[in-house]
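Predicted model, so just to flag it, every value in this text is computed and none were measured. Whatever order the structure lists them in is the order used to number ligands and atoms, beginning at 1.
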Amino acid sequence: MRSDLFAERIKGIQVSGIRKMFEAAPPSAINLGLGEPDFAPPENVMHALAMAVRVNRNKYGPTAGIPELRQAVAERLRKFREDVEMNNVLINCGATQGLMVTFQSLINRGDEVLVPNPGFVLYARDVQIARGTPVYYSLSAKNGFRPDMEELDDLVSPRTKAIVLNYPGNPTGAVISKHDAGALARFAVDNNIIVITDEVYDEIVYDHEHRSMLGTMDDLVYINSFSKTYSLTGWRIGYLATASAIQPELSKMQYYDIACPPTPMQYAALEAMKGPQDKVKERREEFRKRRDLIVRSLNKIDGFNCFVPQGAFYVFPSFDFDMTSEALAMRILGSGVICTPGSAFGPGGEGHIRFSFANSQENIDKAMDIVGKVVSGLKRK
Ligand SMILES: Cc1ncc(COP(=O)(O)O)c(C=O)c1O
């Protein structure tokens, strides 16, 4: 095999830390690792998918998605920004692909992109794959995982092209305040950089209404998905919205990536949006109970300190055991609970561990008992 077989862009890229843990887990382990709701898709949405297949909506469709779904997305987004039209919307294969298309379309070799640290695993790697340079900005538990505007002022340079925001955040569970949203929008406009805002957890917010960055400025790519809201993670269907001058270029890139989003899934997603929304609310309430349970349990265990997440379905406690987050996650995994080391989310995640509470209250209870026992013998710092 030739030594230069693999492209530079893939050589330094590691397998995601989340996947690694999952693959190492015994089959009986309680999974507080992966980021997907444990619920089934709503009945009406499954029915719509079956119907779409039956009536032969099985062919290629438009690259930007079927007009009915783009229209429905635009209507929904008008609660955040009045002027959103179908032409601003691109349906895609989930936020994962939406982000890839965005970075591939906007980032040149050497462009810098500000990414949250800790932050969701895709951002920095996607920037690198686009041959750009991720520049980490810190989100610290002490500061409620809010961005530090002074640090951002120090990090921004003439090469900075974009900043990635993610509220509600994975892994932090933090949401954005009105003050911070305004400050971030001003920062982006003043420095002439585009905002890429990942809001896939917008329907999983506990204590307030979701606040979107969509209405705050024009040079922005808004990323969302049907995965988390409707428990459709395996269906690979999502959407983005952006200025009408940006959308056609992203759509052009998307053609070379996927040709078009999957047709039957789009009809099912349309039903998800247009049909009853009671499941979304019911599940949010169930997540709230689980959040309260896991935060209470963790804060009772000596050595953990847990911030109360206001959105998404993760807790990201800090710990003061004398070991790395990877070693701690492995110890916990060895006793039958899958979790994710904070370091999987960037160097700023070290000293933390992520538990997903997308699992039953009964399993969360069992898992917290196990975690309590595992860590009771560990040396503290
Ligand atoms: C913050 C964030 N963005 C994007 C995604 C990917 O979502 P999708 O299933 O739409 O690709 C995830 C999944 O965990 C996520 O946590």
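V205 belongs to a hydrophobic cluster whose other members, connected by ILVMFWY side-chain contacts under 4.5 Å either directly or through intermediates, are V175. Other members of the cluster containing Y60 do not exist, because no ILVMFWY side chain is joined to it at under 4.5 Å. Grouping Ile, Leu, Val, Met, Phe, Trp and Tyr by side-chain contacts under 4.5 Å, direct or through others, puts M100 with M1, L5, F6, I10, I13, I129.
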Quick one: ligand 1 N/O to protein N/O pairs below 3.5 Å?
| unit_1 | atom_1 | unit_2 | atom_2 | d |
| --- | --- | --- | --- | --- |
| ligand 1 | 3 (N) | D198 | OD1 | 3.4 |
| ligand 1 | 3 (N) | D198 | OD2 | 2.5 |
| ligand 1 | 9 (O) | S227 | OG | 2.7 |
| ligand 1 | 9 (O) | R236 | NH1 | 2.9 |
| ligand 1 | 10 (O) | A95 | N | 2.7 |
| ligand 1 | 10 (O) | S225 | OG | 2.6 |
| ligand 1 | 10 (O) | S227 | OG | 3.3 |
| ligand 1 | 11 (O) | A95 | N | 3.3 |
| ligand 1 | 11 (O) | T96 | N | 2.9 |
| ligand 1 | 11 (O) | T96 | OG1 | 2.6 |
| ligand 1 | 11 (O) | R236 | NH2 | 2.6 |
| ligand 1 | 14 (O) | K228 | NZ | 2.6 |
| ligand 1 | 16 (O) | N170 | ND2 | 2.8 |
| ligand 1 | 16 (O) | Y201 | OH | 2.7 |

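Between V337 and the options I364, N31, I370, a side chain to side chain contact (heavy atoms under 4.5 Å, CB included) holds for only I370.
Y314 and Y201 have perpendicular rings, their planes meeting at more than 60° on a 0 to 90° scale where under 30° would count as parallel. Classification of the Y123-F120 ring pair by plane angle, with boundaries at 30° and 60°, yields perpendicular.
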